[in-house]
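As structure tokens, the structure follows; a few thoughts come after it.
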Amino acid sequence: MTVIDIQHLFKTYPGPLFKPRVTALSDICIQVAEGEVFGFLGQNGAGKTTTLKIMMGLNRATSGTITLLGRTHTHHAVRARIGYLPEHPYFYDYLTAREFLTLYARLFDLKRFDPLPLLRQVGLEDDLHRRLRKFSKGMLQRVGIAQALINDPALLMFDEPMSGLDPMGRRLVRDLIMDLKARGKTVFFSSHIISDIETLCDRIAILHKGAIKAVGAINALIQPGGFQKQVVFTGLSDAGRQAFGARGWVPTAVIGGLAVSARSDQDVWHILDLVQKHDGRIVTLSDVKPSLEAFFMRTISETGGAP
Amino acid sequence: MKIWAIGWNVFREAVRDKVLFNLLFFSLLMIVGAGVLSTLTVGERTRIIIDIGLAAMSLFGTLIAIFLGVSLVSKEIDRRTIYNILSKPILRFQFLLGKYLGLAITLGVNLALMCAVFVALFVFMGQSLSPALLAPIGMIYLELLVVVAVSLFFSTFTTGTLSAIFALAVYLIGHLSAVVLSMVEQSEGIARGFGYLLYYLLPNFENFNYKKYASHLAPIPDGQIEISLGYGVAYIAFTLALATWVFQYREFK
């Protein structure tokens, strides 16, 4: 069963006076199956939050259709089956954790509600009667996750769920998402932290400047096509950098120098030649283990981005 | 249940808000001050207590209605709490009605407290309390409910500061309806048409002004209360419907 079906979603905003409209999202098409953990990866400002806000009915699409759990996304009943955590969640800080969760339980018409198990799930069972005003950023993120689970949702949508969390908190959220997946829940989450996406997701979509640049299973996407090597070098002159740029290579800083990836033997020879010509010194030449980060960087740079 | 949950939350926030307590404190101080002032006058002590007491209820009630009213939605947007609440299975009109209900309860409790001090002052001063005072106090509450509806309406589409300015302007114009009407009648052409539109569109707060009856302990004409009540309820319903319509199309960037 398809839980999320986004078809040709466009979002434009009015531009400044006498300027054309600003395109925030362009022809977004995504399908997410039941039980999948789907990662929505993109740089800051790529349009991830806008997409999620439209899905939650907080913003309107300019055109396109969104179906969630078999119904149009604006249908009132759909939201009763969704758990949503907004980016940088802000809550009523004058409430205690107990009062806060009880308020949200009432919005779901839950007659009998005990907040303690939920708070225990996110490691906040000792803070039941503490006001949210006194919570740290990480604790607020955790209580935000607790409120997203309040209705035992079939679909969870998290916008940057690891944001503001310390390593323990991140581990907790990772375990939680894995647990949700094991229970057959569908999880759609946005992030710009590649390692989180790589660890948790079955499939991903890469969003760049409001458009989908890649979508599919991580393993299928990051296969380097049989050949990829990385050349690390130092001491390159400015003219050398320009020469690399002219060939479409953008050296990235790594430990020990600058690195450029080659996808063929010919590329390797060209890189070595350029480094030699421009007073550089080769540090290493090694096989590249396929990674989502490399794929992401490549996808973004190929489509005119600045990783 | 959802409307009530939102409303109760508004009331709880107000109770935990120090600004509200400050306003309430000053209003109570003013009512007590009316008693002190009346001891310095010769005769008409009752009238002074009534005039100042009702004025305090109206003034501080209006301040609370406007400043809490305009923040009902704008603060949710500024603090970004609205993203989470509206992602739950609650319709936007339920959210707005809940907000309105919460502030209506808050104002009711505040007014009841002011009334209690007012009555206590009467008893303390050995004055007889006329049941005819109930109508003016009830009308002050109705007026406050209209002010909240107007403030809420503005806060659905503009910032808190602008909403407060607009709501204050409406409040002032609404109390000068007779002046507005006489100016309109003297004007011509488009200005006249626009003036009439404004006159009928903005609330006429003089419909709720029963202080004149209270201070002279004069009888209220038959049917007057029903007219004021009908006008107030209709105006609130109209304003809330308009606010709901505007809020329905509001986007949260």
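Since the structure is predicted, the reported quantities are computational estimates derived from the model, not experimental observations. Lettering of chains follows the sequences in order, A, B, ..., and the numbering in each one begins at 1.
Heavy-atom contacts from other residues, nucleotides or ligands closer than 6.0 Å to CZ of Phe113(A) number more than 12. Annotation for Ile190(B): atom CD1 does not count as buried by contact number, only 12 or fewer foreign heavy atoms lying within 6.0 Å. Atom CZ of Phe194(B) sits in a sparse spot, with 12 or fewer heavy atoms from other residues, nucleotides or ligands closer than 6.0 Å.
Between Thr102(A) atom OG1 and Trp8(B) atom CH2 the span is 13.0 Å, to the nearest 0.5 Å. In this structure, OH on Tyr83(B) lies 7.5 Å from CG on Asn59(A), to the nearest 0.5 angstrom.
In terms of modelled atom types and a separation under 3.5 Å, the side chain of Arg106(A) and the main chain of Met1(B) share no donor-acceptor contact.
For Ile85(B) against Tyr92(A), the heavy-atom pair with the smallest separation is CD1-OH, 3.5 Å. Listed here is the closest heavy atom pair of His76(A) and Leu91(B): ND1-CD2, 3.5 Å. Scanning all heavy atoms of the two residues, the minimum distance from Leu95(A) to Arg16(B) falls at CA-NH1, 3.9 Å. Between Leu86(B) and Arg79(A), the shortest heavy-atom distance links the atoms O-NH1, 2.8 Å. Of all non-hydrogen atoms in Ala5(B) and Leu103(A), the two that sit nearest each other are O-CD1, 3.5 Å. Residues Phe91(A) and Asn84(B) come closest through the heavy atom pair CE2-ND2, 3.1 Å.
Tyr94(A) and Asn9(B) form a side-chain donor-acceptor contact under 3.5 Å, judged by distance and modelled atom types alone.
Looking at Arg92(B), the atoms closer than 4.5 Å to chain A (heavy atoms on both sides) all sit in the side chain, from C-beta outward. Neither the backbone nor the side chain of Ile3(B) comes within less than 4.5 Å of any heavy atom of chain A.
In terms of heavy-atom pairs under 4.5 Å with chain A, the best-connected choice from Glu76(B), Gln94(B), Arg250(B) is Glu76(B). When each of Ala24(A), Ala80(A), Gly83(A) is scored by its heavy-atom pairs under 4.5 Å with chain B, the top score falls to Ala80(A).
Considering Met55(A), Met157(A), Lys53(A), Met56(A) in turn, Met56(A) is the only one that fulfils the side-chain contact (heavy atoms from CB on, under 4.5 Å) rule with Ser87(B).
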